[in-house]
Amino acid sequence: SYIMGTLFVDKLDPQSGTSLELGSSGDTVSVNASATTNLAGNVTLGANGKTITVPSGCTITNSGTANGFGESNLPFFQAEEASTTGFSDATATKVEFDTESFDSGGCYNNTGSTVTLNGLSVPSYSFCPNVAGTYFFSINLKCYSGAGSLSNVIAYINKNGSSFVNVSHNISAANPYVLQIGGYGFANLNGTGDFVSGSVYMDVGSGSPSLLGGAGSNMFMGYRISAT
């Protein structure tokens with residue numbers, strides 16, 4: 001039977017042992033735009049293959065915990081080379097970031113040998129995530145010349161051994177003892193073997209260059225920003 005008009009009730013309960021369903025196939029069930037709907041219990045929105053649309057101009061406000069909602073920034077890592085380390089002059093060399101501050105997915109290899117992480121072969125001092133996506137990376141280095149003769153410094157971020165970030169600082173006069181240099185960039189990683197590492201090139205007028213140790217002096221980090 002049908003009721004045409006307005007039905008005033010304080011509560012709707014299903015029959016014992018059943019669920020309460022509003023509407024049938026093809027129907028549209030609406031809540032007045034000026035009304036407030038409170039759903040205090042567990043709520044399931046949509047079904048497999050269905051789309052939930054939030055119209056333009058609407059706002060979703062979350063004051064609780066969002067699980068599986070939006071993009072995930074996992075995995076992420078941060079590693080340092082905390083001790084002063086010497087390098088060959090005028091030679092691009094991988095930096096041994098051997099001290100992990102963070103490694104959320106166990107995807108960073110902080111050793112001097114190739115190891116297997118998450119079923120993937122990961123070269124030394126490299127990040128090799130097992131989750132595909134677009135990643136953000138940054139590198140920060142404190143270059144040092146005991147003779148005060150730094151003339152050219154380049155910081156690299158490499159994907160599979162080839163640089164996609166290289167930031168240089170060429171000093172034409174008053175060669176310094178210490179120079180801080182850094183760079184950042186994005187890379188698409190396939191999650192099945194792509195790896196990223198950091199390198200440095202230091203040219204000095206005399207002696208041998210070093211990366212000057214100390215907490216936070218030489219850092220390499222990255223995290224996933226998008227699935228595509």
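Note that the structure is predicted; figures quoted are calculated from it, not measured.
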Worksheet item: More than 12 foreign heavy atoms under 6.0 Å from CZ of Phe136: is that the case here?
Response: yes

Does any pair with a residue in [range] pass salt bridge (Lys or Arg N to Asp or Glu O under 4.0 Å), and if so which ones, sequence neighbours excluded?
range	result
residues 105-129	none
residues 104-115	none
residues 196-214	none

Worksheet item: Under the side-chain hydrogen bond (donor to acceptor under 3.5 Å, both in side chains) rule, what pairs show up with a residue in residues 124-134, not counting sequence neighbours?
Response: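 Qualifying pairs: Lys94-Ser124, Thr134-Asn188.
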
Item to complete: State whether the side chain of Arg224 and the backbone N or O of Pro129 hold a donor-acceptor pair below 3.5 Å, judged by distance alone.
Response: no

Discussion item. Tell me whether Asn160 contacts the main-chain N or O of Phe195 through its side chain, where contact means a donor paired with an acceptor under 3.5 Å.
Written reply: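 Answer holds: yes.
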
Worksheet item: Where is the tightest heavy-atom contact between Ile139 and Gly198, given as atom of each residue plus distance?
Response: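 For Ile139 and Gly198, the tightest heavy-atom pair comes out as CD1-CA, 3.8 Å.
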
Fill in: Residue pair Thr84 / Gly213: nearest heavy atoms and the distance that separates them
OG1-N, 2.8 Å

Could you check if a side-chain atom of [X] sits within less than 4.5 angstrom of a side-chain atom of [Y], using non-hydrogen atoms only?
X	Y	answer
Phe164	Ile157	yes
Pro209	Ser145	no
Asn140	Gln180	yes
His169	Ile181	yes

Worksheet item: Other hydrophobic cluster members with Leu212, side-chain heavy atoms of Ile/Leu/Val/Met/Phe/Trp/Tyr under 4.5 Å, chained?
Response: Tyr144, Tyr177, Val178

Worksheet, complete the sentence: Members sharing Tyr156's hydrophobic cluster, built from side-chain contacts under 4.5 Å between Ile, Leu, Val, Met, Phe, Trp and Tyr, are Ile154, Tyr201

Worksheet item: Listed by chain and number, what are the salt bridge (charged side-chain N to carboxylate O under 4.0 Å, His left out) partners of Lys142, not counting sequence neighbours?
Response: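 With neighbours one apart ignored, the set is empty.
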
Worksheet item: Residues two or more places apart in sequence or in another chain: which of them pass salt bridge (charged side-chain N to carboxylate O under 4.0 Å, His left out) with Asp194?
Response: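 So Asp194 forms a salt bridge (charged side-chain N to carboxylate O under 4.0 Å, His left out) with Lys159.
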
Worksheet item: Between atom CG of Asn218 and atom OG1 of Thr99, what is the distance when rounded to the nearest 0.5 Å?
Response: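 Answer for the CG-OG1 pair, Asn218 versus Thr99, is 10.5 Å.
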
Worksheet item: Rounded to the nearest 0.5 Å, what separation is found between the CG atom of Leu179 and the SG atom of Cys143?
Response: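 That separation rounds to 6.0 Å.
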
Item to complete: Evaluate the side chain to side chain contact (heavy atoms under 4.5 Å, CB included) criterion for residues Leu189 and Phe137: first the C-alpha distance (whole Å), next the side-chain angles of each, then the deciding distance (0.1 Å), finally the verdict.
Response: CA-CA 12 Å; Leu189 305 182; Phe137 295 93; 3.8 Å; yes

Worksheet, complete the sentence: Sorted by chain and residue number, the side chain to side chain contact (heavy atoms under 4.5 Å, CB included) partners of Ser206 (sequence neighbours excluded) come out as Ala147, Ser149

Discussion item. Among residues at least two apart in sequence or on other chains, which ones pass side chain to side chain contact (heavy atoms under 4.5 Å, CB included) with Met219?
Written reply: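 Checked Met219 against side chain to side chain contact (heavy atoms under 4.5 Å, CB included); matches are Gln78, Glu80.
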
Item to complete: Take Leu117 and Cys128 through the test side chain to side chain contact (heavy atoms under 4.5 Å, CB included) and record every step on the way to the result.
Response: CA-CA 8 Å; Leu117 300 175; Cys128 181; over 6 Å; no

Worksheet item: Between Glu81 and Leu141, is a side chain to side chain contact (heavy atoms under 4.5 Å, CB included) present by the stated rule, with each step listed?
Response: CA-CA 9 Å; Glu81 183 174 52; Leu141 302 171; over 6 Å; no

Item to complete: Give the ring-plane orientation class for Phe220 versus Phe77, where under 30° counts as parallel, over 60° as perpendicular and anything between as tilted.
Response: perpendicular

Table please: side-chain donor-acceptor pairs of residues 86-93 below 3.5 Å, with sequence neighbours left out.
unit_1, atom_1, unit_2, atom_2, d
Asp89, OD1, Val204, N, 2.8
Thr91, OG1, Asp89, O, 3.0
Thr93, OG1, Thr91, O, 3.2

Throw together a table of side-chain donor-acceptor distances under 3.5 angstrom for residues 102-110, partners on residues two or more places apart or in other chains.
unit_1, atom_1, unit_2, atom_2, d
Asp103, OD1, Gly106, N, 3.3
Asp103, OD1, Cys107, N, 3.0
Asp103, OD1, Tyr108, N, 3.4
Asp103, OD2, Tyr108, N, 3.3
Ser104, OG, Phe76, N, 2.8
Ser104, OG, Phe76, O, 3.4
Tyr108, OH, Phe97, O, 2.7
Asn109, OD1, Thr111, N, 3.0
Asn109, OD1, Thr111, OG1, 2.7
Asn109, ND2, Ser113, O, 2.7
Asn109, ND2, Val122, O, 3.1
Asn109, ND2, Pro123, O, 2.9
Asn110, ND2, Asp98, O, 3.2

Worksheet item: Is the ring centre of Phe186 less than 6.0 Å from the ring centre of Tyr135?
Response: no

Item to complete: Answer yes if Leu120 and Tyr223 sit in the same cluster of Ile, Leu, Val, Met, Phe, Trp and Tyr residues linked by side chain heavy atoms under 4.5 Å apart, and no otherwise.
Response: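 Different clusters.
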
Discussion item. When you group the ILVMFWY residues by side-chain heavy-atom contacts below 4.5 Å and let the links chain together, are Phe127 and Val115 in the same group?
Written reply: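 No, it is not one cluster - the side chains of Val115 and Phe127 are not joined through contacts under 4.5 Å.
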
